[in-house]
Amino acid sequence: MRLPQPVNNTVPGPAMPFSPTTTLNMATLGKKLFILSVRMGRGLWHRGIVSSSNPVQSAVEPLEKLQESSSDAITEQMAKSLKYPDFFKVAELFTVEDLFNARVHLGHREGSLNDHMSQFIFGSRLSHLIFDLDQTATLLREALNFTAHIAFRGGIILFVGRIPQHQVMIENTAKECGEYAHTRYWQGGVLTNSTIQFGSVIRLPDLIIFLHTMNNVIYEHTAIRDAAKMLIPTVGIVDTNCNPNLITYPVPGNDDSAASISLFCNLFKAAILRGKEKRKELLGVH
Amino acid sequence: MASVCIGNLVRNSAKVFRNSYITQVRTPYGLQIRCWNSTTPEPSSKPLTSVPASDTIKHEGSGNQLIKVSKAMKAYQEKAQALDALMFEKTTEYEIGRRHLANMMGEDPETFTDEDIDTAIEYLFPSGLFEPRARPLMKHPTEVFARKKVAEFDETGRPFHVLFYTGLPNYYQVLHDLSEKVRELDSFSDRMMQYNIHKDPERTLNVGGTEWVKKEQLEDILLEKLKDKQYEFFVRSMNRLLDHPFSYRVEEFIMKFRKHVQISVIHKEIPKLMFTAEGTPYMAAVGRRKTSTASVTVYGRGSGKISINGEDLLYFKYIQDREQVLFPLQFSGLLGKVDVVADVDGGGFSGQSGAIRYAISMAVRSFVDEQMMEKMRLAGLLTRDPRRHERKKPGWKGARAKYTWKKR
């Protein structure tokens with residue numbers, strides 16, 4: 001599969017800090033820029049920010065362990081962590097082969113393809129769609145990186161998924177990394193009317209990870225729209241029949257196999273745990 | 001905290017691109033106000049630290065860091081602490097009062113039970129009030145004050161329970177545990193299949209005399225308000241667990257949600273079996289239905305002979321009546337094992353067969369164990385059918401039926 005790379009660092013393109021250096025396919029880049037310009041209007045362009053904290057500095061001083069826990073020093077540490085394109089080395093967590101073995105590349109049939117997902121499709125085989133795992137890998141790395149940063153900063157992460165077969169797995173994943181899960185019927189006011197819903201002022205999640213973006217039936221999960229309303233960033237596994245528009249960090253891939261969901265759960269869990277580990281180590285908190 | 005950073009990232013990213021590679025975001029640790037309250041307006045292009053000082057209270061957190069906490073959060077914490085303090089105070093008062101009461105009554109304070117307290121209060125404060133709930137009462141504070149949930153999140157706002165955001169963490173935790181147990185039992189039964197063990201009849205979970213907790217009781221256990229559908233789903237799911245052949249392995253979990261049914265008074269008065277001269281056990285009983293009276297003797301160690309007024313079971317012309325006579329024996333499994341001798345008088349065939357059935361059921365109680373007796377009670381065999389013929393009323397066609405109503 002082709003591995004595109006930005007021409008120069010100032011182009012607000014799909015900066016790929018994780019890809020190895022290969023020659024660029026102009027046609028692909030052109031196509032990608034066009035797609036991006038279309039997507040800009042949708043608000044997906046900010047996706048590239050974390051990864052395009054641009055020129056990867058060859059010699060960035062490593063963060064020192066916090067000597068005294070004062071508020072300013074912590075702030076400084078946090079700001080420094082953003083200098084690195086892959087501070088938590090989430091790229092080590094998986095390979096494209098792992099994705100393939102977990103059957104992440106398998107999509108639904110051609111008829112159910114959502115138009116917005118066609119950019120992520122490699123092709124189809126006997127009318128079954130196949131995801132482009134290179135794109136998936138890149139986007140997944142960005143998503144994991146973002147998740148790890150949120151965990152690093154003590155953010156609340158909510159796992160959401162509505163398919164009964166995977167409910168228990170998702171809830172267990174959340175428990176194991178010390179975060180939260182909501183795999184049940186979504187009451188309307190959870191995010192948008194939380195004070196009334198929960199009876200008191202509560203802290204809303206800082207990140208919502210969707211293992212399934214669709215509801216039990218054919219509708220999109222309400223939380224996608226609500227999170228966008230509440231300016232809560234979202235990470236979502238989007239299948240061929242899903243709409244990735246409102247999701248901050250979409251990860252195109254199979255969301256129906258237990259193997260692929262299990263892989264994604266483990267990856268997010270690992271990223272969160274890495275973020276928390278660094279938090280303990282560098283910021284001296286929890 | 002993080003969500004506002006992202007909000008700013010979204011807004012200022014253009015600036016980021018143009019100016020430098022370091023993001024303009026400052027993320028002071030512990031700043032949480034804007035993220036929590038959905039109704040506060042979005043901050044303008046000012047940096048994040050511009051939160052009105054009046055909204056925040058600095059207090060020492062763990063690790064000697066100053067944590068800024070919103071007023072709302074502080075109020076919540078204070079409420080939770082006040083509740084704890086109140087419960088502690090009331091409990092100590094109650095304990096002291098209990099000891100005083102014991103001394104007053106001349107009893108040992110150590111072994112003064114709740115029932116003793118009730119009798120003591122009734123003696124010391126006699127009340128002529130009709131309503132029992134209006135009379136003087138001394139109960140443990142946990143019974144008097146409704147149990148509420150303790151603080152659900154810590155000072156940083158992070159909830160304690162994994163499923164907090166579902167709104168019903170305890171309820172859904174039970175369902176989660178249930179799913180896990182079903183999986184456990186399935187994998188266990190898979191392993192047993194290798195040894196060709198399908199179900200151990202010896203080790204079956206006995207839930208005789210118990211039933212699932214009612215909705216109100218479940219709400220009390222979980223401290224959460226439930227909808228009817230949620231309760232029904234809970235019961236269906238628990239039944240699925242109960243029906244599993246290896247459910248005895250999760251007896252403790254199941255029994256948490258089963259309540260003992262109040263066994264009716266009848267079983268205390270079951271007469272003991274009597275014995276004839278030859279030594280055969282027997283029991284006699286009288287049964288009534290409509291205007292029929294049947295007096296029946298059931299002899300143990302029999303072969304299933306039935307005699308009604310000297311005749312065979314064919315005394316009854318209709319199959320339904322014969323079935324009525326046989327049903328208690330078939331249900332309790334004594335069909336070919338006992339002999340029945342019945343004398344019946346009064347009424348018609350339906351009333352007579354019903355009377356014999358009731359009489360046989362009452363007699364069979366002595367032959368059968370408690371669990372079977374409970375099953376018989378649930379089957380309606382031990383209920384005297386109180387229905388009698390209802391008289392016709394004047395101006396009505398029958399007992400209830402009216403003549404055709406004409407509008408005009």
Side-chain angles (χ1 to χ4, degrees), chain A residues 10 12 43 45-46 49-50 52-55 57 69-72 74-75 78-79 82-83 149-150 153-156 158 167-168 171-172 174-175 178-187 190-195 197-198 200-207 230-233 248 283-286, chain B residues 1-7 9-11 13-14 16-18 20-23 25-32 35-39 42 49 62-66 68 70-73 75-76 79 152-153 156-159 161-168 171-173 175-176 179-180 183 230:
Chain A
T10 57
W45 53 276
H46 59 266
I49 288 167
V50 172
S52 63
S53 319
N54 313 336
Q57 286 191 310
S69 30
S70 69
S71 182
D72 290 330
I74 290 173
T75 316
M78 283 198 191
L82 290 176
K83 281 192 198 175
H149 274 281
I150 295 277
R153 288 147 188 269
I156 290 180
L158 184 65
Q167 254 170 4
V168 176
E171 286 174 351
N172 282 334
K175 190 163 192 175
E179 297 296 337
Y180 308 90
H182 193 315
T183 59
R184 308 288 173 169
Y185 175 74
W186 184 269
Q187 288 165 309
V190 169
L191 296 178
T192 48
N193 197 17
S194 56
T195 314
Q197 189 77 43
F198 293 98
S200 68
V201 172
I202 60 152
R203 184 176 155 187
L204 292 179
D206 300 304
L207 168 65
M230 303 303 294
L231 286 184
I232 298 171
T248 328
L283 306 184
V285 196
H286 319 291
Chain B
M1 168 170 68
S3 74
V4 190
C5 316
I6 303 310
L9 277 171
V10 172
R11 276 185 292 281
S13 50
V16 169
F17 269 118
R18 269 182 265 120
S20 73
Y21 61 86
I22 299 171
T23 56
V25 172
R26 285 195 56 203
T27 56
Y29 165 71
L31 180 63
Q32 288 140 5
C35 318
W36 292 6
N37 195 332
S38 51
T39 57
E42 280 305 314
T49 42
S62 56
N64 282 338
Q65 289 154 358
L66 277 181
K68 290 181 190 163
S70 77
K71 263 188 184 166
M73 184 51 181
Y76 177 90
K79 241 198 254 178
E152 290 175 87
F153 39 92
T156 60
R158 288 189 75 97
H161 203 291
V162 181
L163 305 176
F164 170 78
Y165 289 100
T166 58
L168 299 171
Y171 169 72
Y172 287 123
Q173 181 64 45
L175 292 182
H176 175 91
S179 298
E180 294 266 28
R183 280 168 194 226
Q230 289 166 332

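Only heavy atoms go into these numbers, but all of them, side chains included; no hydrogens, no water, no symmetry mates. In what follows, chains are A, B, ... by sequence order, proteins preceding strands, each numbered from 1.
- The shortest side-chain heavy-atom distance between A:N172 and B:E180 falls under the 4.5 Å cut-off.
- In terms of heavy-atom proximity, B:T166 sits nearest to A:R184 at CG2-CG, 4.2 Å.
- For B:L168, no part lies under 4.5 angstrom from a heavy atom of chain A.
- Using a 4.5 Å cut-off between heavy atoms, A:I156 touches chain B through backbone and side chain atoms alike.
- For A:Y180, the ring-ring contact (aromatic ring centres under 6.0 Å, His included) test picks out B:Y165, with sequence neighbours left out.
- In terms of heavy atoms, B:S179 sits closest to A:V168 at CB-CG2, 3.5 Å.
- Looking at residues two or more places apart in sequence or on another chain, you find no ring-ring contact (aromatic ring centres under 6.0 Å, His included) involving B:Y172.
- From B:H176, atom NE2 reaches atom CD of A:Q167 across 10.0 Å, with rounding to the nearest 0.5 Å.
- When heavy atoms are compared at a cutoff of 4.5 Å, A:Q187 approaches chain B solely by way of its side chain, counted from C-beta outward.
- The shortest side-chain heavy-atom distance between B:P159 and A:I202 does not fall under the 4.5 Å cut-off.
- When all heavy atoms of A:V201 and B:F153 are compared, the closest pair comes out as O-CZ, 3.7 Å.
- Heavy atoms only, all atoms of each residue included: B:V162 and A:A174 are closest at CG1-CB, 4.1 Å.
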